[in-house]
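Contents: one structure, followed by commentary.
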Amino acid sequence: SDALIPITTTNIKEINLKIMKIDLRSVSNVSGLFKGTGLDYYNGQIVGERSFSIDHVSDEATEINLNVNSIFEGAGEGLYAIEFSSPELGGNYGDTPLVQWVMRSNIGISQYSGLSQSQIFLTRFDDTAPVTNAKVQIIARNNRVLFEGISNDQGMIQVSNDFLNGSSGNAPDLLIVTGQDSETSILRLPELGTHPKFLSSGQEKKHEEDVYITSDRETYRAGDTIHLTGIMRNLKLEPLQNFDVLISLINPKGNTQQTL
């Protein structure tokens, strides 16, 4: 699929991108990795640069997707830092480059929260197969390792919620997964649009059963195959047995296209 970077600009005619692949072997303080400003702060390899012209209306927000296929092609999986600059930004942001982080990985991470335990499931995006024998770490803001373990033959690892209740410097910051082939996936927990449930509290559970379902990607074209991964547990994190499941595919107009 296309490598697209969605951005929103106002009164910007041109945007310049510089993309660096971060050398994780050179990182001693993992939690401090995202605190620098500009690519000069990091160790890695510049994989490409590109400029984009933006058609815009004065004083109105413009939403566009920047296609960076030509840069990422052949760059492989890993952690990337993308630096944005523009002549229109002038002195306001010229001394503080804007950096966006991108993780390219075939390891998908999903999580299920129980009363006292959380389960993390690792699957591959390309075939939804479980990622086994992968090292899972949860790192605090002060770079302390809060939890470390290995995923089982189902791609699952269980974490006590007691490890995840820290605050200030001991608050969970990064979830790092390293596969047997050194493939890595990193989630920065504080900046997720929706925080994992094991980082929240006080949520009322109206049922003893809880079902989570996800697909291998967000967007599909006509004729594509949709791969689904589902997790069905009770609040004790025990699998639901002999449980009938009805899955409906609903289009944007609210009409049911197909029921499984």
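Keep in mind the model is a prediction, meaning the values are calculated, not measured.
- In the hydrophobic clustering of ILVMFWY residues, with side-chain heavy atoms under 4.5 Å counting as a link, Val245 and Ile226 come out together.
- Contact check for Ile5 versus Leu17: side-chain heavy atoms found under the 4.5 Å cut-off.
- Residues that satisfy the salt bridge (Lys or Arg N to Asp or Glu O under 4.0 Å) test with Asp162, not counting sequence neighbours, are absent from this structure.
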Full working for side-chain contact (heavy atoms from CB on, under 4.5 Å) between Ile176 and Val136: CA-CA 6 Å; Ile176 303 176; Val136 177; over 6 Å; no
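- Between the side chain of Thr62 and the backbone N or O of His56 there is no donor-acceptor pair closer than 3.5 Å.
- Taking Phe163 as the reference, Phe147 meet the ring-ring contact (aromatic ring centres under 6.0 Å, His included) condition, with sequence neighbours excluded.
- Across all non-hydrogen atoms, the minimal contact from Glu63 to Thr8 is CG-OG1, 3.5 Å.
- No more than 12 heavy atoms of other residues, nucleotides or ligands shown are found within 6.0 angstrom of CG on Asp55.
- Within the model, atoms CD1 of Ile139 and CG of Asp173 stand 9.0 Å from one another, a figure rounded to the nearest 0.5 Å.
- Residues forming a side chain to side chain contact (heavy atoms under 4.5 Å, CB included) with Asn251 (at least two apart in sequence, or on another chain): Lys253, Asn255, Gln257.
- Follow the hydrophobic side-chain contacts under 4.5 Å out from Ile250 and you never reach Ile247; the two are in separate clusters.
- With contacts defined as side-chain heavy-atom distances shorter than 4.5 Å, the pair Arg50/Val68 does not qualify.
- Applying the salt bridge (Lys or Arg N to Asp or Glu O under 4.0 Å) definition to pairs two or more places apart or across chains, those involving residues 101-124 are Arg124-Glu183.
- In this structure, the side chain to side chain contact (heavy atoms under 4.5 Å, CB included) partners of Thr123, at least two apart in sequence or on a different chain, are Thr229.
- In this structure Ser58 satisfies the side chain to side chain contact (heavy atoms under 4.5 Å, CB included) test together with Asn11, sequence neighbours excluded.
- By the ring-ring contact (aromatic ring centres under 6.0 Å, His included) test, Phe84 pairs with no residue at all, sequence neighbours left out.
- The shortest distance between side-chain heavy atoms of Glu83 and Leu98 does not fall below 4.5 Å.
- Between the side chains of Asn161 and Ser116, no donor-acceptor pair is found at a separation under 3.5 Å.
- Within the model, atoms CD1 of Ile71 and CD1 of Ile19 stand 4.0 Å from one another, a figure rounded to the nearest 0.5 Å.
- Gly155 and Thr132 get closest at one heavy-atom pair: N-CG2, 4.3 Å.
- In terms of the side-chain hydrogen bond (donor to acceptor under 3.5 Å, both in side chains) criterion, Gln100 has no residue partners (sequence neighbours excluded).
- Shown here for Ser86 and Ile12, the closest heavy-atom pair between the two residues is OG-CG2, 3.6 Å.
- Looking only at side-chain heavy atoms (C-beta outward), Leu146 and Pro172 come within less than 4.5 Å of each other.
- Considering every non-hydrogen atom in both Ala61 and Thr10, the closest pair reads CA-OG1, 3.7 Å.
- Distance check, rounded to the nearest 0.5 Å: CD of Gln158 to CD of Gln117 gives 4.5 Å.
- In this structure, the ring-ring contact (aromatic ring centres under 6.0 Å, His included) partners of Phe72, at least two apart in sequence or on a different chain, are Tyr80.
- Closest of all the heavy-atom pairs between Gly179 and Ala134 is CA-CB, 4.1 Å.
- One finds the CG atom of Leu175 at 4.5 Å from the CD1 atom of Ile109 (value rounded to the nearest 0.5 Å).
- The backbone N or O of Ser167 sits nowhere less than 3.5 Å from a side-chain atom of Asn170 that would complete a donor-acceptor pair.
- At a threshold of 4.5 Å between non-hydrogen side-chain atoms, the residues Ile138 and Leu174 do not count as touching.
- Partners of Asn65 under the side-chain hydrogen bond (donor to acceptor under 3.5 Å, both in side chains) rule, at least two apart in sequence or in another chain, do not exist in this structure.
- By the side chain to side chain contact (heavy atoms under 4.5 Å, CB included) test, Ser53 is found to be paired with no residue, residues two or more places apart in sequence or in another chain being considered.
- The environment of CD in Glu148 is crowded: more than 12 heavy-atom neighbours from other residues, nucleotides or ligands sit within 6.0 Å.
- When only modelled atom types and interatomic distance are considered, Ser51 and Asn16 share a side-chain donor-acceptor pair under 3.5 Å.
- A donor-acceptor distance shorter than 3.5 angstrom exists from the side chain of Lys21 to the backbone of Ala75, with no hydrogens or angles considered.
- Residue Ile186 comes nearest to Met103 through the heavy atom pair N-SD, 3.6 Å, listed as atom of the first residue, atom of the second, then distance.
- A 4.5 Å side-chain heavy-atom check between Leu4 and Leu66 finds every atom pair outside the cut-off.
- Note: Thr184 OG1 to Lys135 NZ = 9.0 Å, rounded to the nearest 0.5 Å.
- Rounded to the nearest 0.5 angstrom, Ser85 OG and Ile15 CD1 are separated by 7.0 Å.
- In terms of hydrophobic clustering, with Ile, Leu, Val, Met, Phe, Trp and Tyr side chains grouped at heavy-atom distances under 4.5 Å, Met156 and Ile150 are assigned to different clusters.
- No donor-acceptor distance shorter than 3.5 angstrom exists from the side chain of Arg144 to the backbone of Gly169, with no hydrogens or angles considered.
- Judged as a ring pair (Phe, Tyr, Trp, His ring centres under 6.0 Å), not a single pair has a partner in residues 118-138 (not counting sequence neighbours).
- Side-chain contact between Ile82 and Trp101 is absent, with no heavy atoms from C-beta onward closer than 4.5 Å.
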